[in-house]
*Asks:* 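Let me give you the structure first, and then I'll get to my questions.
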Amino acid sequence: MPAPISGPPGASFSPAPRPAAQPGLSLNLLQPVSSLLALGQQAQAEVISIQQTQQSFDVMLKLQVEPGRETTVKAQSPQAISPGTQLIVQAAANNQLLTQLAGPGNPALSQLDLQELPLGTLLQGKVVSVEQLLQGKSQQIQFRVLLELLNTPLRGRLLTLDSPRALAPGNLLSALVQGPQALQWLSPSSQLDSLELQQQLAPQLARQIALEQLLPSLAQLKDSAQLPADAKQSLLLLLGKLPSGDQLQDPTQLKQLLHFSGLNLEALLQQGGNSAQQAAQLDLKAQLLRLVATLLPHTPQALSQQVAQSTSSAGLAGWLKSYLQQKELGLNPSFPLPNTALNPKGEQEADLPLLLRLASSALARLQSHQLSSLQQSQTLADGTQLQTWQYELPYREGSQWHGVQIRLQEEKHTERSKQAGSTLWRIDLALQLEPLGPMHVRALWQNDEISTHWWAEHAQTFALVEQALPGFAERLRERGLKVGEMHCQHGQAPSGSKTGLQQRWIDETA
């Protein structure tokens, strides 16, 4: 969960804005002015960063030397200039630029308007520049940080804040608004920036295919004569370790299956010892990675390179840092993940390329669940901490393959919440069984009381569930649980992480 540490602990907004440049201010360029502008030529410029030195200020300017062409130059100024200030500059002799204000522009903010950004609002930004403030010997070292906002209606604006810790330009930060000049920083080790995750979910979702659709095709290829011995062994090992429906009904086995479903693979490997060994042998994602590794040397180079980049941990880490060069997609992943139809041309491909594509799609499916789990774990505006774990368990019944998607959410309510001190568990199950069709079950558990809501897309299934609900409620009571609302609805479940119906349950069971 997000924690109020990391970033710059205790950072707050600078109490006063920097002074703006005055008309006629002269800047000394650190490169020949003739290489940029002709003597006497004017151009538009924007101050993008500033750093204080012993006797002057180093100013970074974005200079529009001609229409459609911009360049960045460094100059020295006798006084501070607010980042974001728009200037008109004129080339003068001795590598000087004469300046005048081009207009009000968008200078860096020194405080927040709580009507525009209420308390608890999540801010996300990129460090543009950092400078150390000159302090007396008895004072703590402070740094002036310039942050470019990446979300909220202030996206693109600059914030000036003071921090006891220097931050590298380009760092991504997340923080909660605590006041007009106060931020609570969120630990990057406990929550990856949600904008990064949104950017990465798009390509993952485009490549993924539901496991229950992939497994029959994988099973058909296990007896292919074209399969190398090591690839065949990896495929048989993968299929042999997939559970049966009976195993899902055993609490101990179900717990182990969730633990090794692929969601925790990287964390388990990092722990080392027995945890890493068990993960390498039992984890579903580890089995898929092993299968891909045995197939890569036997497939065309272009396809091998593409799959290797998309499935490697290094490639995924690179994706998670690349969103700054892209536009925000605004993706809001829903549950369950959508089913993507198999490529109809796939059956005409050679066995090895087809098998590699199928295994790669299965990995993309598991990584989609991992990224969705991270994206949905957050601190809400009222301080409520939401932790999400999203899984998918494939299983077999005889010769048939099925899959169930599971989402567990824990809501911890803090002092600012109406339900301070309480914890709510939300469990979602999405599955499709013939002839029952698609079904979705949502259960809420709080203070030893459980409520459930069922959605069935087939009318006959809806009638069967409604008839069975009283007996189901009685079995829950026999296990010592208090039973709240029990409902069934004909149709599809609403998408998204929070609905009006869910909020109503929370209020009634508090």
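Note that the structure is a prediction, hence the values are computed from the model and not measured.
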*Asks:* Could you check if a side-chain atom of Phe472 sits within less than 4.5 angstrom of a side-chain atom of Thr452, using non-hydrogen atoms only?
*Replies:*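 The answer is yes, as the side chains (C-beta and beyond) meet within the 4.5 Å cut-off.
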*Asks:* Determine whether Leu284 and Leu238 make a side-chain contact, defined as any pair of heavy atoms from C-beta on separated by less than 4.5 Å.
*Replies:* yes
*Asks:* Using a 4.5 Å cut-off on heavy atoms from C-beta on, say whether the side chain of Leu476 contacts that of Met486.
*Replies:* yes
*Asks:* Side chains of His453 and Gln489 only: does a donor on one sit below 3.5 Å from an acceptor on the other?
*Replies:*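 Yes.
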*Asks:* Taking all non-hydrogen atoms of both residues into account, name the closest pair between Ile48 and Thr72 and its distance.
*Replies:*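 Taking Ile48 first and Thr72 second, the nearest heavy atoms are CD1-CG2, 4.0 Å.
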*Asks:* Check this for me: Gln271, atom CD, are more than 12 non-hydrogen atoms of other residues, nucleotides or ligands nearer than 6.0 Å?
*Replies:* yes
*Asks:* Tell me, do Lys285 and Leu289 make a side-chain contact under 4.5 Å, heavy atoms counted?
*Replies:* yes
*Asks:* If you measure from CD on Gln277 to CG on Leu269, what distance do you get to the nearest 0.5 Å?
*Replies:*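 So the CD of Gln277 and the CG of Leu269 are separated by 11.0 Å.
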*Asks:* Between Leu147 and Lys126, does the side-chain contact (heavy atoms from CB on, under 4.5 Å) criterion hold? Intermediate values first, please.
*Replies:* CA-CA 6 Å; Leu147 195 72; Lys126 181 185 69 170; 5.6 Å; no
*Asks:* Can you check whether Leu258's main-chain N or O pairs, donor with acceptor, with Ser261's side chain at less than 3.5 Å?
*Replies:* yes
*Asks:* Looking at Asn447 and Glu449, would you say the former's side chain and the latter's main chain have a donor-acceptor pair under 3.5 Å?
*Replies:*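 No; judged by distance alone, with no hydrogens or angles, the pair does not exist.
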*Asks:* Show the nearest heavy-atom pair for residues Ala231 and Leu291, with the distance to one decimal.
*Replies:* O-CD1, 3.7 Å
*Asks:* For the residue pair Glu212 / His402, report whether a side-chain donor-acceptor contact shorter than 3.5 Å exists.
*Replies:*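 Side chains of His402 and Glu212: no pair found under 3.5 Å.
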*Asks:* Distance from Leu242 atom CG to Leu237 atom CG, nearest 0.5 Å?
*Replies:* 10.0 Å
*Asks:* Are the side chains of Leu358 and Leu221 in contact, using a 4.5 Å heavy-atom criterion?
*Replies:*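 The answer is yes, as the side chains (C-beta and beyond) meet within the 4.5 Å cut-off.
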*Asks:* Using 0.5 Å steps for rounding, measure from the CG atom of Leu183 to the CG atom of Leu112.
*Replies:* 6.5 Å
*Asks:* Once the angle between the rings of Trp389 and Trp425 is folded into 0 to 90°, is it parallel (under 30°), tilted (30 to 60°) or perpendicular (over 60°)?
*Replies:*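 Because their plane-to-plane angle is under 30°, the rings of Trp389 and Trp425 count as parallel.
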*Asks:* Just how far is it from atom OG of Ser373 to atom CG of Leu263, taken to the nearest 0.5 Å?
*Replies:*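 These two atoms lie 4.5 Å from each other.
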*Asks:* For Ala279 and Leu265, work out which heavy atoms get closest and say how close.
*Replies:*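 Smallest heavy-atom distance, with atoms named: CB-CD1, 4.0 Å.
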*Asks:* For a 4.5 angstrom cut-off between non-hydrogen side-chain atoms, does Leu254 reach Leu393?
*Replies:*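 A side-chain contact exists here, since the closest heavy-atom pair is under 4.5 Å.
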*Asks:* Is there a donor in the side chain of Gln460 and an acceptor in the side chain of His458, or the other way round, less than 3.5 Å apart?
*Replies:*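 No donor-acceptor contact under 3.5 Å links the two side chains.
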*Asks:* Would you say Ser360's side chain and Leu356's backbone share a donor-acceptor pair under 3.5 angstrom?
*Replies:* no
*Asks:* Does atom CD (Gln467) have a neighbourhood of more than 12 heavy atoms from anything else shown, all under 6.0 Å?
*Replies:*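 Atom CD in Gln467 is not packed in, count stays at 12 or less.
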*Asks:* Can a donor-acceptor pair be found, under 3.5 Å and without considering hydrogens, that links the side chain of Gln287 to the backbone of Gln281?
*Replies:* yes
*Asks:* Could you tell me whether the side chain of Ser451 and the main chain of Leu444 form a donor-acceptor pair under 3.5 Å?
*Replies:*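 Not confirmed, Ser451 side chain does not pair with Leu444 backbone.
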*Asks:* How close do Ala459 and His490 get, heavy atom to heavy atom, and via which atoms?
*Replies:*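 Where Ala459 meets His490 most closely, the heavy atoms are N-NE2, 3.5 Å.
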*Asks:* Hey, does the side chain of Asp428 reach the backbone of Arg442 with a donor-acceptor pair shorter than 3.5 angstrom?
*Replies:*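 No: the side chain of Asp428 does not pair with the backbone of Arg442.
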*Asks:* Hey, is Arg426 close enough to Glu410 for a salt bridge, meaning N to O under 4.0 Å?
*Replies:*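 No.
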*Asks:* Just by modelled atom types, is the Gly262 backbone N or O under 3.5 Å from a matching donor or acceptor in the Gln370 side chain?
*Replies:* yes
*Asks:* Main chain of Asp230, side chain of Ser234: is a donor-acceptor contact present, judged purely on distance under 3.5 Å?
*Replies:*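 Yes; judged by distance alone, with no hydrogens or angles, the pair exists.
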*Asks:* Any salt bridge between Asp448 and Lys482, counting N to O under 4.0 Å?
*Replies:*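 No.
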*Asks:* Does either side chain, that of Thr388 or that of Gln409, offer a donor lying less than 3.5 Å from an acceptor on the other one?
*Replies:*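 Side-chain D/A pair, Thr388 to Gln409: present.
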*Asks:* When rounded to the nearest 0.5 angstrom, what is the spacing between OH in Tyr395 and CD in Gln249?
*Replies:*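 Atom-to-atom, Tyr395:OH and Gln249:CD are 9.5 Å apart.
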*Asks:* Carefully, step by step, assess Gln492 and Trp455 under the rule side-chain contact (heavy atoms from CB on, under 4.5 Å).
*Replies:* CA-CA 6 Å; Gln492 295 182 348; Trp455 287 267; 6.0 Å; no
*Asks:* Please report the closest heavy-atom contact between Val465 and Cys488, naming both atoms and the distance.
*Replies:* CG1-SG, 3.6 Å
*Asks:* Donor-acceptor pair, Asp250 side chain versus Gln253 backbone, under 3.5 Å?
*Replies:* yes
*Asks:* Decide yes or no on salt bridge (Lys or Arg N to Asp or Glu O under 4.0 Å) for Arg477 and Glu474, but give the supporting numbers first.
*Replies:* CA-CA 5 Å; Arg477 294 188 184 97; Glu474 185 59 34; 3.7 Å; yes
*Asks:* Taking the side chain as everything from C-beta on, heavy atoms only, tell me whether Val404 gets closer than 4.5 Å to Glu392.
*Replies:*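 Contact flag for Val404/Glu392 side chains = no.
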*Asks:* What I'd like to find out is whether the side chain of Tyr391 reaches to under 4.5 Å of the side chain of Leu408, using heavy atoms alone.
*Replies:*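 Side chain of Tyr391 against side chain of Leu408, heavy atoms only: contact under 4.5 Å found.
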*Asks:* Return the CG to CG distance between Leu436 and Leu431, rounded to the nearest 0.5 Å.
*Replies:* 8.5 Å
*Asks:* Please evaluate residues Arg365 and His369 with respect to the criterion side-chain contact (heavy atoms from CB on, under 4.5 Å), reporting the C-alpha separation (whole Å), side-chain torsions for both, the decisive distance (0.1 Å), and the verdict.
*Replies:* CA-CA 7 Å; Arg365 181 74 166 190; His369 285 297; 4.0 Å; yes
*Asks:* Evaluate the criterion side-chain contact (heavy atoms from CB on, under 4.5 Å) for residue pair Leu235 and Leu355; output intermediate values, then yes/no.
*Replies:* CA-CA 10 Å; Leu235 180 55; Leu355 181 55; 4.3 Å; yes
*Asks:* Taking all non-hydrogen atoms of both residues into account, name the closest pair between Leu149 and Thr152 and its distance.
*Replies:*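 Scanning both residues completely, I find the closest heavy atoms to be CD1-OG1, 4.3 Å.
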